[in-house]
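Structure first, commentary second.
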2 protein chains.
Amino acid sequence: MNMTETATVKLGRPRGFCEDTALEAAMRVFWEKGYEGTSLTDLTEAMRINRASLYSSFGDKETLFRRALARYGEGPAAYLKVALQAPTARRVVETLLKGVVDLLGNPKNPRGCLSTQGALATGLGAEPIKNALIEWRKGAEAEIQKRFKRARTEGDLPEDINPGDLTRYLSSVVYGLGIMAANGDTKADLNRVVDMTLRTLPL
Amino acid sequence: MNMTETATVKLGRPRGFCEDTALEAAMRVFWEKGYEGTSLTDLTEAMRINRASLYSSFGDKETLFRRALARYGEGPAAYLKVALQAPTARRVVETLLKGVVDLLGNPKNPRGCLSTQGALATGLGAEPIKNALIEWRKGAEAEIQKRFKRARTEGDLPEDINPGDLTRYLSSVVYGLGIMAANGDTKADLNRVVDMTLRTLPL
DNA sequence: TCTATTTTGTACTGTTCGATCTAAAACATA
DNA sequence: TATGTTTTAGATCGAACAGTACAAAATAGA
């Protein structure tokens, strides 16, 4: 037996499901129903696996949600990372808002944004998840602010615009778009908000 | 016995609590923990009444939440009605945003806005509540839009600003402020967003 | 003091929750 | 075919949930 190599050959009964596909399904259920609103039965039905498989592959409900959130950041919400690479502050804002609308306005997606749909207010049991989502949002804000600070040094952010203020303002609009989408507003509605924002943007 | 008058004299054991005070307490619990995150035990403890009294006075949990929401609209969220009476479109916006910040920035209040904390995403059981909250928010938007349409006829809304677009944009900022507050941002943080909004407001 | 009426306190209902236990099933290796 | 290992399916766990039943308690009127 070769102890130095990681086992590439699997013993025992093989998996009857694809972990990636199952996680994607879990993410969408959480996105639609929120953390507390999603039951283990909801999850197992959507993921098409049973409880034992869920627990052995993903840990408990809270761990599964955290993995779903990470996947959300790298998948549906990846527009953020793309936007941060735009060449100027104005282009960052334009790309960011367009990405948000593409995500929130896509009728194939659950309504709203996972980070706000997941848990804004909770009972005692789900408080760690609520806090994780707050951290997630604040992390995104921090990245945007960092990008605007860079823009300041590169000269494409006016002197009278504070990077932190701009970040907070922009974040508010983005969060607001999430609520509008949760309200059932269409992509056209969301685009009107974005148009107004860009029209009045002081840069 | 006088049949024409409504009974002012109460028979039986008198109430041991004030219905108004109890409803206020219930409102704050829902505000803090959301609809699904609030248990009947949370409610009875905060309201300082027992289950039987709760059910006989307020009906079931869903009915109680609806009454709490109505109270929220007439109490903490009454700034909306005040703002709508401001003399010009710009003054409406200023008053509205100031009212929002006063509410969301008050550290004595639960974090965030009841209408979004209550239920954005839910399991099957709470879907009626989720929809009631959507209706509540849309109702507020409709009132604002109506006010801006009036402003248009009164000449204090520029021709190139669509009342509906302005309403949607403003609603987004307000919803966003609710999320920022839920994130734990302070009144000063919220005021920065309001300053930026007013600074760039096209009217 | 007695009766009618209403509220209160508490035990209890059935259901659903997240999580676990057990044994059968499905594979690789020998 | 026999053995070891892992996954699957389903039963089951105690706790918490929303809601209810019922008798004791507290009042007004007779």
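Sequence lines set the chain letters: A, B, ... in the order given, protein chains first and strands last, and positions in each chain run from 1.
- In this structure, the CG atom of A/Asp60 is 22 Å from the P atom of D/dC13, given to the nearest Å.
- Comparing A/Gly16 and B/Glu62 against DNA chain D, the residue whose closest nucleotide sits nearer the 5' end is A/Gly16.
- Taking every side-chain heavy atom of B/Ala52 into account, D/dA21 is the closest of D/dA21, C/dC21, D/dT20.
- Remark: B/Asn50 is in phosphate contact with C/dG9, judged by side-chain N or O atoms under 4.0 Å from OP1 or OP2.
- For C/dT8, the OP1/OP2 oxygens have a side-chain nitrogen or oxygen of B/Ser53 closer than 4.0 Å.
- Among the protein residues, B/Thr44 comes within range of no part of the nucleic acid, since none of its heavy atoms lies under 4.0 Å from any strand.
- B/Phe30 has its CZ atom 12 Å from the C1' atom of D/dA18, to the nearest Å.
- When each of B/Phe58, B/Tyr35, B/Trp136, B/Trp31 is checked for a ring-ring contact (aromatic ring centres under 6.0 Å, His included) with B/Phe65, only B/Tyr35 meets the rule.
- Rounded to whole Å, the distance from CG on A/Leu54 to C1' on D/dG10 is 15 Å.
- Residue A/Arg51 places no side-chain atom within donor-acceptor reach of the base of D/dA9, judged by atom type and a 3.5 Å distance cut-off alone.
- B/Ser57 comes within contact range of no nucleotide atom at all, as no heavy-atom separation falls under 4.0 Å.
- For the pair A/Arg66 and A/Glu62, the salt-bridge criterion is met [side-chain N within less than 4.0 Å of a carboxylate O].
- With C/dA26, C/dT20, D/dG19 as the choices, the nucleotide that has an atom nearest any side-chain atom of A/Pro14 turns out to be C/dA26.
- Listed candidates were C/dT8, C/dT20, D/dT6. Nearest to the side chain of B/Phe17 is C/dT8.
- The side chain of A/Arg13 contributes no N or O atom lying less than 4.0 Å from OP1 or OP2 of D/dT8.
- Salt-bridge annotation for A/Lys130 and A/Glu127: present, with a side-chain N of the basic residue lying under 4.0 Å from a carboxylate O of the acidic one.
- Nearest nucleotide to the side chain of B/Arg15, out of D/dT5, C/dT8, D/dC17: C/dT8.
- Protein atom OH of A/Tyr55 is 12 Å distant from nucleotide atom P of C/dC21, rounded to whole Å.
- Under a 4.0 Å N-O distance rule, the pair B/Glu141/B/Arg168 does not qualify as a salt bridge.
- The nearest whole Å value for the distance from the CZ atom in A/Phe58 to the C1' atom in D/dT8 is 15 Å.
- Of the candidates B/Leu190, B/Thr186, B/Leu104, B/Leu190 is the only one forming a side-chain contact (heavy atoms from CB on, under 4.5 Å) with B/Met180.
- A/Asp42 has its CG atom 13 Å from the C1' atom of C/dG18, to the nearest Å.
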